[in-house]
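A short worksheet on the structure shown next.
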Amino acid sequence: DLGENLIDISDYQALAKRRLPKFLFDFLEGDAEDGFARSNNAQSLNSVQLMPQRLVDVGEVQTKVDYWQERASMPLVLAPTALTRMFHHQGELAVACAAEKQSVPYVLSTMSSVALEDVYAANPNTWFQLYAYRDRAISQRLIQRVVEQQGRVLCVTLDAFEGGNRQADRRNGLRLPFKASLKHITDAARRPKWSADYLRGEPINLANMKEVQAQADGTSLFEYVASQMNPSLTWDDIHWIRDSFPGTVILKGLLHPQDVLKAKALGVDGVVLSNHGGRQLDHSISGFQALQLLPKGLSNDIKVFIDGEIRRGTDIVKAMCLGAAGCFVGRPYLYGLAAHGQPGVEAILDILNSELVRNLKLIGCASISELNAGLVMARET
Ligand code: FNR
């Protein structure tokens, strides 16, 4: 391994690429169609520059933030990702433990490969990501299970009722349920460490959805769950979810400022401005751009998270300057997980935290709460 040369997220990305079979690395990286939405996520962050202020005492800097009743060590949230055990046999459990150890929230996906009860047992502060189903009883049951675990935050994802056009996955023949083709076996044979790790775990399954297996009625659980995604979901359903869950409700996958106003009017507690890492609608604006389109002051009334290509402490600084409550990251922690399991996820959190501390000092702010719009400037084109 690269050992001490692993100094930033891109080093872990390179290591994940060397560790994972090609079809899996492609799935991890996956973007929709021509990849404009994903590359724009990075470009939009680069279109804002920082204006540091000098002679502020930054002998000690504070990165802690509060999310509802929770204290987090920094304004970073581990985003929900499906079937995480594909990348390491401990999957979601490893991520949940790393998050607990470093006091950052982790959002467990509905589509997880470890059952939510097992993840809550490892980390009781886990947040849960819900996909809303055609059959309300399925959503209701998932919500109930989260309540039984005393889960406090429900994150409803609204941008993936239809699968994005991930062309690499289609070319690689990656379909769920996974059926190994000759190409997959050849890819895996080139990655003996990954293959040995994969064979240590149980077969990958939608661990939260086993209860609906009976309804799947002949079709595979994966196909049944995909057919149950609800493209007819409207704001009325959000009313229902809001009323069904006693804790904090946040909506993920909004981009339009009008939608954020509607969310606020409905009494939801937060939103995640996101284009799903560029994996859904190509050419959609980035969460970072959406943040800048919000009416002034709105982010005082509702917590506004963003995600999409957050890879550096400076990316977090820019989002916080412009009023974000924090940033979600997806692929970065999966790189760490694929590279080294739980210690790899911890290393990713360490890297982002130490970059954030350094950048706070260099911009001249002793704490996250001091970051403000006066410290950024749009890059001239
Ligand atoms: C995701 N994402 C996602 N989102 C969600 O709400 N439920 C899910 O099950 C998944 N699954 C998933 C799998 C993989 C492999 C990736 C990379 C992403 C989207 C994720 O939560 C987040 O919005 C993006 O990953 C953020 O972009 P970055 O940080 O990956 O650039």
Side-chain angles (χ1 to χ4, degrees), residues 9-10 12-13 16 20 23-32 35 37-45 76-88 91-92 95 104-114 116 119 127-132 142 153-164 166 168-169 172 174 176 204 206-209 222 225-226 229 250-255 271-281 284 286-288 290 305-312 315-316 319 324 326-338 345 348-349 352:
I9 306 294
S10 73
Y12 276 91
Q13 179 184 32
L20 293 172
F23 70 90
L24 261 190
F25 186 73
D26 287 352
F27 167 70
L28 197 174
E29 289 291 322
D31 49 24
R38 183 174 180 196
S39 57
N40 178 62
N41 286 349
Q43 277 160 24
S44 64
L45 283 158
L76 192 83
V77 177
L78 301 182
T81 56
L83 298 171
T84 306
R85 278 185 44 234
M86 291 199 292
F87 306 110
H88 182 272
E92 290 85 356
V95 183
V104 296
Y106 168 44
V107 193
L108 180 71
S109 171
T110 286
M111 302 298 204
S112 64
S113 48
V114 176
L116 69 92
V119 174
W127 298 3
F128 187 76
Q129 177 260 317
L130 180 78
Y131 280 126
L142 278 166
V153 182
L154 190 71
C155 169
V156 188
T157 295
L158 300 173
D159 59 2
F161 48 85
E162 169 81 36
R166 318 253 174 90
D169 292 349
N172 289 333
L174 186 67
L176 295 170
I204 307 260
L206 292 172
N208 292 324
M209 309 305 295
F222 283 101
V225 167
M229 291 289 167
I250 64 183
L251 303 181
K252 176 170 180 282
L254 304 186
L255 289 169
V271 294
V272 189
L273 305 178
S274 169
N275 61 19
H276 213 101
R279 297 163 77 82
Q280 289 295 104
L281 176 65
S284 54
S286 68
F288 186 63
F305 297 88
I306 68 158
D307 77 13
E309 222 60 30
I310 300 290
R311 300 293 182 267
R312 288 283 188 188
D315 296 331
I316 305 172
C327 298
F328 280 36
V329 289
R331 297 179 187 92
Y333 78 81
L334 294 176
Y335 300 145
L337 181 73
V345 180
I348 296 296
L349 293 173
L352 289 172

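When a ligand or atom number is given, it counts from 1 through the structure's own listing order.
Remark: side-chain polar atoms of Gln129 are paired, donor with acceptor, to backbone N or O of Thr110 under 3.5 angstrom. For the pair Asp307 (side chain) and Ser274 (backbone), a donor-acceptor distance under 3.5 Å is absent. Between the Arg166 side chain and the Arg279 main chain, a donor and an acceptor come within less than 3.5 Å of each other. No donor-acceptor pair under 3.5 Å is formed between the side chain of Tyr131 and the backbone N or O of Ser109. Put simply, the side chain of Glu309 never gets that close to the backbone of Ser39: no donor and acceptor are under 3.5 Å apart.
With a 4.0 Å cut-off on non-hydrogen atoms, Ser109 touches ligand 1 through its side chain and not its backbone. Residue Lys252 touches ligand 1 through its side chain alone, judged by heavy-atom distances below 4.0 Å. Residue contacts with ligand 1 for Leu334 involve side-chain atoms from C-beta outward but no N, CA, C or O (heavy atoms, distance under 4.0 Å). Using a 4.0 Å cut-off between heavy atoms, Met86 makes no contact with ligand 1 at all. By the criterion of a heavy-atom distance under 4.0 Å, the side chain of Gln129, and not its backbone, is placed next to ligand 1.
Comparing Pro80, Cys327, Gly330 against atom 21 (O) of ligand 1, the shortest heavy-atom distance belongs to Pro80. Between Val156, Thr157, Asp31, it is Thr157 that holds the heavy atom closest to atom 6 (O) of ligand 1. Considering only non-hydrogen atoms, atom 26 (C) of ligand 1 lies nearest to Asp307 out of Ile9, Val329, Asp307.
Checked against salt bridge (Lys or Arg N to Asp or Glu O under 4.0 Å), Arg312 has the following partners two or more places apart in sequence or in another chain: Asp8, Glu355.
Using a 4.0 Å heavy-atom cutoff, Arg38 is absent from the residues neighbouring ligand 1. At a 4.0 Å cut-off, at least one heavy atom of Arg279 sits close enough to ligand 1 to count as contact. The closest approach between any non-hydrogen atom of Ile310 and ligand 1 is not below 4.0 Å.
Atom 28 (P) of ligand 1 has Arg331 NH1, 3.6 Å as its closest protein atom, hydrogens excluded (heavy atom only). Here the protein heavy atom with the shortest distance to atom 27 (O) of ligand 1 is Gly277 CA, 3.4 Å.
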Original post:
Could you walk me through whether Met229 and Glu162 pass the side-chain contact (heavy atoms from CB on, under 4.5 Å) check?
Top reply: CA-CA 8 Å; Met229 291 289 167; Glu162 169 81 36; over 6 Å; no
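Because its NZ or CZ atom is not both nearer than 6.0 Å to the ring centre of Tyr12 and within 45° of the ring axis, Arg331 does not count as a cation-pi partner of that residue.
At least one N/O-N/O distance between Glu309 and ligand 1 falls below 3.5 Å.
Of the candidates Asp159, Asp31, Asn41, Asn275 forms a side-chain hydrogen bond (donor to acceptor under 3.5 Å, both in side chains) with just one, namely Asn41.
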